[in-house]
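Each remark here refers to the structure printed beneath this line.
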Amino acid sequence: MKDLQSILFGVSLREVVGSTQLQIADIQIDSRKVNANGVFVAIKGVEVDGHQFIHIAIEKGATVIVCEQLPSIINEQITYLVVANASEAVAIMAHQFYNEPSLKVKLVGVTGTNGKTTVATLLFKLFSALGYHCGLVSTVQNQIGDTIIPSTHTTPDAIQLNALLDKMVQAGCTHVFMECSSHAIHQHRITGLQFTGGAFTNLTLDHLDYHKTFEAYLDAKKAFFDALPSTAFAISNVDDKNGANMLMDTKAKKFTYALHAPANYKGKILENQLTGLIMLVNEKEVHCRLIGTFNAYNFLAVYGIALQLGEASEKVLITLSALTGAEGRFEYVISEQKIIGIIDYAHTPDALENVLITVAKLRKGDEEVITVVGCGGDRDKSKRPIMAQVACDLSTRVFLTSDNPRSEDPNDILTDMEQGLTSAAKRKYIKIVDRREAIKAAISFAKPGDIVLIAGKGHEKYQEIKGVKTHFDDKEELQNLFKELAK
């Protein structure tokens, strides 16, 4: 049990109805999870307004209701706390309820369109290898030391996130590395957390189904840096045209990384092969197991963060050079026939372009590049024709297929992807709705030496169709097909 007044520290209250001299058991934003003597916070979400469920929360035992507007019927046995922004309030309350866990670790947030998962995962692996007990909050999975906790969102809601951070503290973690999505920033899921540092990877077209405009998407990312305290550090990719903007108004100590522009952490690619990158990093030559220009940026981000966290340059480079990236990020499998299959999470035009440019650099002659790609349902539709055009521009042959159509008809999604394709592009693609059949067809077209890119899902191990998730793993499909070829 916690004293209600103690967890309200930092919350701006507009109105209080009832007593705050209470002991509370927990905090919930889902009325179905409310327990006796609990706090229910009514949040106006994108699809559901929590104010509609206040009466249910009270029936289940809530004694405190946090809301943006009082209900028409007031229960005299209940304390009502009116706030301007319930999402912000619950984040602050959750941080207090779980004993301010972010103050007890070195917490680093990573934001941007692409590269968040790889940077956060590499940091986790690096600092674990350096002997620290670490926590990871990522799209692929959450992790406390060796214990893996499945991930449902890039960044959990504020209550789940603070509970997870508290578990990390209890487990003895000293460092936590976290992806910070634009949704999480905008919805105040990370509000109240004390970050030791933050990193910006890049910004390209994505999530306009939620943010509506690119400017709003940019502002959400920038808000993360604007909120960093003067005790923190902020490191940004200044080769990205928005990189300097991210640092403009932050109070944090500012650092930069780049391959082209002047920067604190400067890199230069010497060789880029399937075996990895050879780079100059601040004039020191290093070989790493990561592949592609996009991963050179990720490497620099991790290197800069590690140095800002007090680690020695040479030790970081030696340790980092041996590490692999996150699951489903440019993973490759080679068949006995020497067909190269690559699985990548690329689900934005920029990410797909970066991966295909990297694939092109791996070609040694006239090998074909065959791409399997789709677009998710119930997501930003504006990127669909761009994704298809990028795939056709940079591939020999393209198979357009399903990628989590969710509630949409997959045929409609593919029709959106076809819109605006040039006449040259239209000669390159085949449309196969069933993803398994599309991958199978791509492999059947491939000859020894050809490269087959399966893009969009990466680490995901399911397909979501009409609200039903069924097991589907791109890497597993690829490996099974290669086994069939070997028979």
Any sub-3.5 Å donor-acceptor pair from Thr118's side-chain atoms to Gly115's backbone N or O?
no
d(Tyr345 OH, Asn114 CG) to nearest 0.5 Å is 10.0 Å
Residues Ala234 and Leu247: closest non-hydrogen pair is CB-CD2, 3.6 Å
Going from CD1 on Ile413 to CZ on Arg379, what distance comes out if it is rounded to the nearest 0.5 angstrom?
10.5 Å
Which is it for Val373 and Asp403 under the side-chain contact (heavy atoms from CB on, under 4.5 Å) test, yes or no, and what are the steps along the way?
CA-CA 8 Å; Val373 66; Asp403 180 352; over 6 Å; no
Contact between Lys251 and Leu228 at the side-chain level, heavy atoms closer than 4.5 Å - yes or no?
no
Going by atom types only, do His95 and Ser102 share a side-chain donor-acceptor pair under 3.5 Å?
yes
Can you tell me if Asp240 uses its side chain to pair, donor with acceptor, with the backbone of Leu203 under 3.5 Å?
yes
Give, for atom CE of Met168 and atom OG1 of Thr147, the distance between the pair rounded to the nearest 0.5 Å.
10.5 Å
Distance only, no hydrogens: is a donor on one side chain within 3.5 Å (strictly under) of an acceptor on the other, for Ser6 and Gln96?
no
Any side-chain heavy atom of Asn272 within less than 4.5 Å of one from Ile291?
yes
Would Tyr297 and Asn202 count as having a side-chain donor-acceptor pair, cut-off 3.5 Å?
no
Scanning both residues in full, the closest heavy-atom pair of Phe40 with Ala62 reads CB-CB, 4.3 Å
Who are the ring-ring contact (aromatic ring centres under 6.0 Å, His included) partners of Phe225, not counting sequence neighbours?
none
Is the backbone of Gly325 close enough, under 3.5 Å, to the side chain of Thr121 for a donor and an acceptor to pair up by distance?
no
Test item: Leu81 and Val39 side chains (from C-beta on) under 4.5 Å apart, heavy atoms
no
Mind checking the CD1-CG spacing from Ile65 to Asn75? Nearest 0.5 Å is all I need.
9.0 Å
Check for a donor-acceptor pair, side chain of Lys469 on one end and backbone N or O of Gln463 on the other, with a separation under 3.5 Å.
no
Backbone N or O of Leu259 within a donor-acceptor pair of the Asp239 side chain at under 3.5 Å?
yes
In short, Ala199 meets Ile305 closest at the heavy-atom pair CB-CD1, 3.6 Å
Under 3.5 Å: donor-acceptor pair, side chain of Lys383, backbone of His347:
yes
Of all the heavy-atom pairs spanning Thr191 and Ala91, show the shortest one and how long it is.
O-CB, 3.3 Å
Pairwise side-chain contact, Met246 with Leu218, heavy-atom cut-off 4.5 Å (strictly under):
yes
Side chains of residues 46-55: which donor-acceptor pairs under 3.5 Å do they make with residues two or more places apart or in other chains?
{"from": "Asp49", "atom 1": "OD1", "to": "His51", "atom 2": "N", "distance (Å)": "3.0"}
{"from": "Asp49", "atom 1": "OD1", "to": "His51", "atom 2": "ND1", "distance (Å)": "2.8"}
{"from": "His51", "atom 1": "NE2", "to": "Glu68", "atom 2": "N", "distance (Å)": "3.0"}
{"from": "His51", "atom 1": "NE2", "to": "Gln69", "atom 2": "N", "distance (Å)": "3.4"}
{"from": "His55", "atom 1": "ND1", "to": "Gln52", "atom 2": "O", "distance (Å)": "3.4"}

Taking atom CD of Glu314 as the centre, does the number of heavy atoms from other residues, nucleotides or ligands within less than 6.0 Å exceed 12?
no
Judged by atom type as modelled, is there a donor-acceptor pair below 3.5 Å linking the side chain of Lys60 to the main-chain atoms of Val34?
no
Does a side-chain heavy-atom distance below 4.5 Å link Met178 with Leu161?
yes
For Phe224, enumerate each residue passing the ring-ring contact (aromatic ring centres under 6.0 Å, His included) test, keeping only those at least two apart in sequence or located in another chain.
Phe195
In terms of side-chain geometry, is the basic nitrogen of Arg384 or Glu408 positioned less than 4.0 Å from the acidic oxygen of its partner?
yes
Is the shortest side-chain N to carboxylate O distance from Lys461 to Glu327 below 4.0 Å?
yes
Under the ring pair (Phe, Tyr, Trp, His ring centres under 6.0 Å) definition, can you give me all pairs with a residue in residues 97-141, not counting sequence neighbours?
Phe127-Tyr132, Phe127-His175, Phe127-Phe177, Tyr132-His175
Side-chain heavy-atom pair Tyr303, Val316 within 4.5 angstrom cut-off
yes
Hydrogens and angles aside, do Thr324 and Lys125 bring a side-chain donor and acceptor to less than 3.5 Å of each other?
yes
Checking Gln479, Arg435, Lys457, His459 against Asp474 for side-chain hydrogen bond (donor to acceptor under 3.5 Å, both in side chains), the one that qualifies is Arg435
Is it true that a side-chain atom of Thr20 and a backbone atom of Gln5 form a donor plus acceptor pair closer than 3.5 Å?
no
Salt bridge (Lys or Arg N to Asp or Glu O under 4.0 Å) with Asp249: which residues, sequence neighbours excluded?
Lys222
side-chain contact (heavy atoms from CB on, under 4.5 Å), that's the test. Do Thr319 and Glu311 meet it? Break it down for me.
CA-CA 11 Å; Thr319 309; Glu311 300 305 309; over 6 Å; no
Please evaluate residues Asn99 and Lys2 with respect to the criterion side chain to side chain donor-acceptor pair (under 3.5 Å), reporting the C-alpha separation (whole Å), side-chain torsions for both, the decisive distance (0.1 Å), and the verdict.
CA-CA 10 Å; Asn99 303 309; Lys2 289 274 185 177; 2.5 Å; yes
Gap separating the OG1 atom of Thr348 from the CG atom of Asp380, nearest 0.5 angstrom:
10.5 Å
How about Lys266: does its NZ atom have over 12 heavy atoms from other parts shown lying under 6.0 Å from it?
yes
Heavy-atom pair of closest approach, residues Ala36 and Ala25
O-CB, 3.5 Å
Would you say the side chains of Asn237 and Thr201 form a donor-acceptor pair under 3.5 Å?
no
Electrostatic pair Asp378-Arg406, nearest N-O below 4.0 angstrom:
no
How long is the span from the OG atom in Ser321 to the CE atom in Met279, to the nearest 0.5 Å?
12.0 Å
Quick one: does Cys288's side chain get under 4.5 Å of Leu320's, heavy atoms only?
no
Using the side-chain contact (heavy atoms from CB on, under 4.5 Å) rule, take Ile235 and Gln308 through it: C-alpha gap first, then chi angles, then the decisive distance, then the call.
CA-CA 9 Å; Ile235 180 169; Gln308 289 310 310; 5.6 Å; no
Do Arg289 side-chain atoms and Ala322 backbone N/O form a donor-acceptor pair below 3.5 Å?
yes
Counting only N and O atoms by type, is there a donor-acceptor contact under 3.5 Å from the side chain of Asn264 to the main-chain atoms of Thr256?
yes
Using every non-hydrogen atom in the two residues, find where Asn295 and Leu277 come nearest and quote the distance to one decimal.
C-CD1, 4.2 Å
Asp350-Asn354 side chain donor-acceptor pair, cut-off 3.5 Å
yes
Residues in salt bridge (Lys or Arg N to Asp or Glu O under 4.0 Å) with Arg32, at least two apart?
Asp30
So Phe299 and Leu317, do their side chains get closer than 4.5 Å, heavy atoms only?
yes
Test side-chain contact (heavy atoms from CB on, under 4.5 Å) applied to Thr111 and Ser182, step by step:
CA-CA 8 Å; Thr111 196; Ser182 59; 5.9 Å; no
